[in-house]
Amino acid sequence: MPKITYVENDGTRHEVEVPTGNTVMEGARENNIPGIDADCGGACSCSTCHVYVDSAWIDRLPSPEGMEIDLLDFTIAPDERLSRLSCQIKVTDDMDGLVVVVPEEQAN
Ligand code: FES
């Protein structure tokens with residue numbers, strides 16, 4: 001099962017296993033990662049699942065598509081290169097080791 005590391009803005013790291021086929025957002029919620037509220041439940045309509053993907057990983061993920069790109073414009077403090085909606089990243093086996101950072105503005 002791929003391991004994903006979620007990094008809180010204070011540097012606290014949470015390395016958890018996320019089943020293939022789940023989303024990065026689901027992995028966060030199932031492991032109570034602070035700051036990923038995912039209010040819309042993964043419907044790509046709230047942006048409270050915003051994360052910054054580690055720069056070493058961003059080009060290894062499938063590119064964002066229409067609705068995600070539109071919604072990223074409405075996140076607080078978007079990063080043009082690293083921002084993603086974690087509900088739109090479906091975990092695959094080759095994402096073992098993925099690192100994402102929770103934006104400071106989402107800290108609970
Ligand atoms: S959970 Fe709402 S946009 Fe991702």
Side-chain angles (χ1 to χ4, degrees):
M1 203 181 299
K3 286 192 178 125
I4 297 180
T5 299
Y6 300 83
V7 184
E8 295 182 58
N9 198 260
D10 66 2
T12 304
R13 299 171 76 87
H14 306 265
E15 185 182 88
V16 300
E17 293 187 329
V18 181
T20 300
N22 281 15
T23 65
V24 173
M25 176 276 280
E26 289 168 327
R29 288 188 71 170
E30 283 160 19
N31 291 283
N32 300 313
I33 307 297
I36 299 185
D37 292 343
D39 291 337
C40 76
C44 201
S45 61
C46 72
S47 80
T48 60
C49 66
H50 176 213
V51 294
Y52 302 121
V53 175
D54 185 274
S55 59
W57 276 92
I58 191 69
D59 294 329
R60 298 170 63 179
L61 301 182
S63 299
E65 296 183 355
M67 278 177 61
E68 182 183 357
I69 293 170
D70 290 345
L71 199 53
L72 281 170
D73 285 340
F74 294 98
T75 59
I76 301 170
D79 182 296
E80 195 173 311
R81 180 166 141 73
L82 303 178
S83 285
R84 293 294 306 266
L85 297 180
S86 58
C87 71
Q88 301 302 302
I89 305 172
K90 193 161 275 200
V91 175
T92 57
D93 287 338
D94 58 4
M95 289 182 194
D96 186 42
L98 174 65
V99 178
V100 298
V101 178
V102 179
E104 180 178 10
E105 292 75 9
Q106 288 166 216
N108 290 337

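Keep in mind that what you see is a predicted model, and the values were worked out from it rather than measured. When reading the values below, keep in mind they use all heavy atoms of this one structure, side chains included, and skip hydrogens, waters and symmetry mates. In listed order, ligands and their atoms are each counted from 1.
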Take Arg81 and Asp59 through the test salt bridge (charged side-chain N to carboxylate O under 4.0 Å, His left out) and record every step on the way to the result.
CA-CA 9 Å; Arg81 180 166 141 73; Asp59 294 329; 3.5 Å; yes
Taking every non-hydrogen atom, the tightest pair across Met95 and Pro62
CE-CD, 4.0 Å
Determine the minimum heavy-atom distance between Pro2 and Thr20, stating which atoms define it.
CD-OG1, 3.5 Å
For [X], the ligand 1 atoms whose distance to one of its heavy atoms is below 4.0 Å:
{"X": "Cys44", "result": "3 (S)"}
{"X": "Cys87", "result": "1 (S), 3 (S), 4 (Fe)"}
{"X": "Cys40", "result": "1 (S), 2 (Fe), 3 (S)"}
{"X": "Cys49", "result": "1 (S), 3 (S), 4 (Fe)"}

Heavy atoms, side chains only, cut-off 4.5 Å: are Thr23 and Ile89 in contact?
no
Is there side-chain contact between Ser55 and Leu82, with heavy atoms separated by less than 4.5 Å?
yes
Answer with side chain, backbone, both or neither: which part of [X] has a heavy atom less than 4.0 angstrom from an atom of ligand 1?
{"X": "Cys46", "value": "both"}
{"X": "Ser45", "value": "backbone"}
{"X": "Ser47", "value": "backbone"}

Among non-hydrogen protein atoms, atom 1 (S) of ligand 1 lies closest to Gly42 N, 3.4 Å
Output for pair (Arg29 CZ, Cys87 SG), nearest 0.5 Å, gives 10.5 Å
